[in-house]
> 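Input: one structure, supplied below.
Basis for what follows: all heavy atoms, side chains included, without hydrogens, waters or symmetry-related copies. Within every chain, numbering begins at 1; the chains are lettered A, B, ... in the order of the sequence lines, protein sequences first and strands thereafter.
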2 protein chains.
Amino acid sequence: MTRRDFHRGTEAERRHDLIEATLDCISEAGLQGATVRQIATRAGVTAGLIRHYFASKDIILQEAYKVLIARLTEKAKNLEGTPEQRLSDFIFVNLTEPVANSRSLSLWAAFISRVSVDPALAAIHREGYLSFRAELEELLADFLAGRGAPVTPARIRALAIAINGILDGLWLEGCLAGELFEESELVSIAFSSVEALIGHPIAAPTPTDRDRE
Amino acid sequence: MTRRDFHRGTEAERRHDLIEATLDCISEAGLQGATVRQIATRAGVTAGLIRHYFASKDIILQEAYKVLIARLTEKAKNLEGTPEQRLSDFIFVNLTEPVANSRSLSLWAAFISRVSVDPALAAIHREGYLSFRAELEELLADFLAGRGAPVTPARIRALAIAINGILDGLWLEGCLAGELFEESELVSIAFSSVEALIGHPIAAPTPTDRDRE
DNA sequence: CGATTAGTTATACGCTTGAATAACTGCTAA
DNA sequence: TTAGCAGTTATTCAAGCGTATAACTAATCG
């Protein structure tokens with residue numbers, strides 16, 4: 001019985017690999033499928049190593065949730081260009097790859113179903129949600145100010161809630177049954193809805209703009 | 001050691017109680033908390049009885065999912081009144097109790113996270129979703145026909161997708177962070193969004209109408 | 001009232017789980 | 001080259017899981 005070969009990794013590497021393996025397990029087999037043994041197998045290590053990097057299974061799940069939220073929201077941050085371009089891009093990135101796909105939804109739903117059960121996950125969720133809406137509110141304020149429209153906090157807040165809801169709902173539909181519509185269909189519905197809500201037209205990002213990236 | 005007292009129930013009673021217990025367990029402790037022993041304890045029976053009524057744990061979960069879907073959609077069916085009233089009620093019931101609350105979301109998310117993993121759940125989900133959207137398309141067709149507006153299948157379909165998305169998104173927001181807005185806030189956002197999309201005003205249900213029910 | 005049976009309990013089995021710990025070894029530094 | 005240690009493996013443990021089955025008993029019927 002020969003002992004299995006292994007190579008020593010840096011802490012950052014290992015933690016990254018283990019979290020990635022955790023997300024893979026969840027997306028492919030649900031939260032129940034994310035056992036320490038499955039995670040370890042997928043990461044190419046033995047189960048005991050997980051406990052060396054994470055104090056418990058709960059902890060690695062929390063870390064994985066943080067990574068997921070970051071991945072789902074990072075594209076919508078640090079947008080550049082005019083307020084109109086940024087608002088337009090905000091809508092676009094949230095309804096297209098890599099944010100909108102069935103894997104994202106599967107992961108998101110798995111964690112959401114535990115948010116009301118696990119206070120630690122609830123805290124992580126709340127922070128992510130508030131930060132996301134704050135970003136949207138800022139975009140809206142800039143956009144409306146540029147249009148010379150009245151910018152009261154109450155109106156900004158209401159608009160952000162509505163637009164956030166619309167984007168969430170279309171994201172959901174697209175992830176759940178993406179094969180039922182063209183990608184551009186949901187995006188164009190989102191644009192017309194948002195335009196109707198804020199009372200201003202918004203130029204959609206042109207394909208050539210994106211291709212050049 | 002005295003044997004535990006028990007009373008014999010009818011099949012319908014028992015199945016109902018066991019499914020209800022299953023939903024309670026999931027909403028309070030997540031899918032992982034819905035073990036046969038926990039379900040049995042909550043239903044006031046012993047674990048073995050579950051296998052007497054359901055061939056496996058998977059089966060009881062599938063039945064519970066069917067019940068959940070029925071509960072989330074039944075209010076939106078069998079609506080009465082003019083097309084405008086029915087459309088208006090459709091929007092209203094989907095964004096207020098008992099459809100919109102954190103327990104519903106928690107249950108919904110738990111099952112959704114397994115839809116992409118478990119083909120049986122996927123089939124149940126798909127049927128519920130298509131039936132829900134068909135209902136909405138019928139409402140829209142009736143409404144638009146009454147307004148003398150052009151009613152092409154393509155337009156109905158696009159509108160149904162958009163409105164479904166908006167309702168889903170607002171439902172989600174309300175369930176996730178209900179304390180952050182008034183109930184009427186989300187409902188009124190929904191109405192103004194839908195009005196903007198279909199290009200016609202819709203009379204919201206009046207409080208007195210509902211009180212009289 | 002006694003026999004029957006279907007609904008229910010009780011118990012046990014094999015397996016998996018998260019966790020703890022001991023043994024090993026690739027790597028680094030001197 | 002080698003000593004030491006931190007990273008990794010291997011093994012073990014108790015608890016909990018879904019399931020199977022045998023024993024019991026409340027209700028039913030002649």
Side-chain angles (χ1 to χ4, degrees), chain A residues 1-26 28-65 110 114 117-118 120-121, chain B residues 1-26 28-65 110 114 117-118 120-121:
Chain A
M1 184 95 177
T2 158
R3 208 178 169 90
R4 145 181 198 163
D5 281 2
F6 67 93
H7 86 279
R8 312 170 100 85
T10 68
E11 172 161 355
E13 261 176 18
R14 281 284 187 235
R15 292 178 62 92
H16 172 270
D17 288 352
L18 288 173
I19 286 177
E20 216 58 41
T22 303
L23 291 174
D24 286 344
C25 286
I26 296 174
E28 289 177 16
L31 263 177
Q32 344 236 1
T35 66
V36 290
R37 284 168 178 80
Q38 276 299 314
I39 295 170
T41 297
R42 182 171 281 267
V45 297
T46 54
L49 194 58
I50 292 183
R51 295 291 319 277
H52 187 260
Y53 287 102
F54 301 93
S56 72
K57 191 197 170 188
D58 282 346
I59 300 292
I60 195 175
L61 287 182
Q62 291 165 25
E63 296 298 316
Y65 188 31
R114 287 190 73 81
V117 172
D118 183 336
L121 291 183
Chain B
M1 186 90 181
T2 160
R3 208 177 168 90
R4 146 182 197 160
D5 282 1
F6 67 92
H7 87 280
R8 309 170 102 85
T10 67
E11 172 161 354
E13 261 176 19
R14 281 283 186 238
R15 290 177 65 91
H16 172 271
D17 288 352
L18 288 172
I19 286 177
E20 215 58 40
T22 302
L23 291 174
D24 285 345
C25 286
I26 296 174
E28 289 177 16
L31 262 178
Q32 346 235 357
T35 66
V36 291
R37 285 167 179 81
Q38 276 298 314
I39 293 169
T41 298
R42 182 171 280 266
V45 298
T46 55
L49 194 57
I50 291 182
R51 293 293 316 274
H52 188 263
Y53 286 103
F54 301 92
S56 73
K57 191 198 169 188
D58 281 346
I59 299 292
I60 194 176
L61 286 182
Q62 290 166 24
E63 296 298 317
Y65 188 31
R114 287 189 73 80
V117 172
D118 182 339
L121 291 183

> Touch check for B:R37, heavy atoms < 4.0 angstrom, all strands: base, sugar-phosphate only, or nothing?
base

> Identify the heavy atoms of A:A110 and A:I26 that sit nearest to each other, and give their distance.
CB-CG2, 3.7 Å

> Which residues, if any, of residues 46-55 of chain A bring a heavy atom under 4.0 Å of DNA chain C?
A:R51

> Dump every N/O contact between nucleotides 26-30 of chain D and the protein below 3.5 Å, one line per pair.
residue, atom, partner, partner atom, Å
D:dA26, O4', B:R8, NH1, 3.2
D:dA26, N3, B:R8, NH1, 2.9

> Whole Å only: how far is the CD1 atom of A:I59 from the P atom of C:dG18?
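Computing the A:I59:CD1 to C:dG18:P distance gives 15 Å.
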
> Check the distance between C:dG18's C1' and A:K57's NZ and give it to me in whole angstrom.
8 Å

> Mind running side-chain contact (heavy atoms from CB on, under 4.5 Å) on A:I60 and A:Y53 for me, showing each step along the way?
CA-CA 9 Å; A:I60 195 175; A:Y53 287 102; over 6 Å; no

> How many Å lie between CG on A:L61 and C1' on C:dG18, as a whole number?
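About 12 Å, once rounded to whole Å.
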
> Could you tell me whether the side chain of A:F6 reaches within less than 4.5 Å of the side chain of A:T46, counting heavy atoms only?
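They are not in side-chain contact.
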
> Of all heavy-atom pairs between B:G33 and B:C25, which one has the smallest distance, and what is that distance?
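Closest heavy-atom pair between B:G33 and B:C25: O-CB, 4.2 Å.
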
> Pick the nucleotide of DNA chain D nearest each of A:E11 and B:S56; which residue has the one closer to the 5' end?
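Upstream on the strand: A:E11.
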
> Whole Å only: how far is the CD1 atom of A:I39 from the P atom of C:dT17?
11 Å

> So do the side chains of A:R42 and A:E28 get within less than 4.5 Å of each other, counting heavy atoms only?
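Yes; the side chains approach each other to less than 4.5 Å.
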
> Could you state the atom-to-atom distance from CD of A:E13 to P of D:dT8 in whole Å?
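About 9 Å, once rounded to whole Å.
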
> From A:L49 CG over to A:I39 CD1, what is the distance, rounded to the nearest 0.5 angstrom?
12.0 Å

> With side-chain contact (heavy atoms from CB on, under 4.5 Å) as the test, would you mind laying out the steps for B:R14 and B:V45 before giving the verdict?
CA-CA 10 Å; B:R14 281 283 186 238; B:V45 298; 3.8 Å; yes

> Using every non-hydrogen atom in the two residues, find where B:D118 and B:A120 come nearest and quote the distance to one decimal.
OD1-N, 2.9 Å

> Give DNA chain C the dot-bracket treatment, 5' to 3': Watson-Crick (N1-N3 with N6-O4 or O6-N4) or G-U (N1-O2, O6-N3) under 3.5 Å, [ ] crossing, | other strand.
||||||||||||||||||||||||||||||

> Is the backbone N or O of A:G30 less than 3.5 Å from a side-chain atom of B:R114, with the two atoms forming a donor-acceptor pair by type?
no

> Whole angstroms only, please: what is the CZ-P distance between A:R14 and C:dC27?
11 Å

> Does the pair A:L31 and B:L31 meet the rule for a side-chain contact (heavy atoms from CB on, under 4.5 Å), with working shown?
CA-CA 9 Å; A:L31 263 177; B:L31 262 178; over 6 Å; no

> Could you tell me how far apart B:L18 (CG) and D:dG18 (P) are, to the nearest whole angstrom?
14 Å

> Find the distance A:I60:CD1 to C:dA19:P and express it as a whole number of Å.
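Answer to the nearest Å: 11 Å.
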
> Do A:E63 and A:L18 have side chains that get closer than 4.5 Å, going by heavy atoms?
no

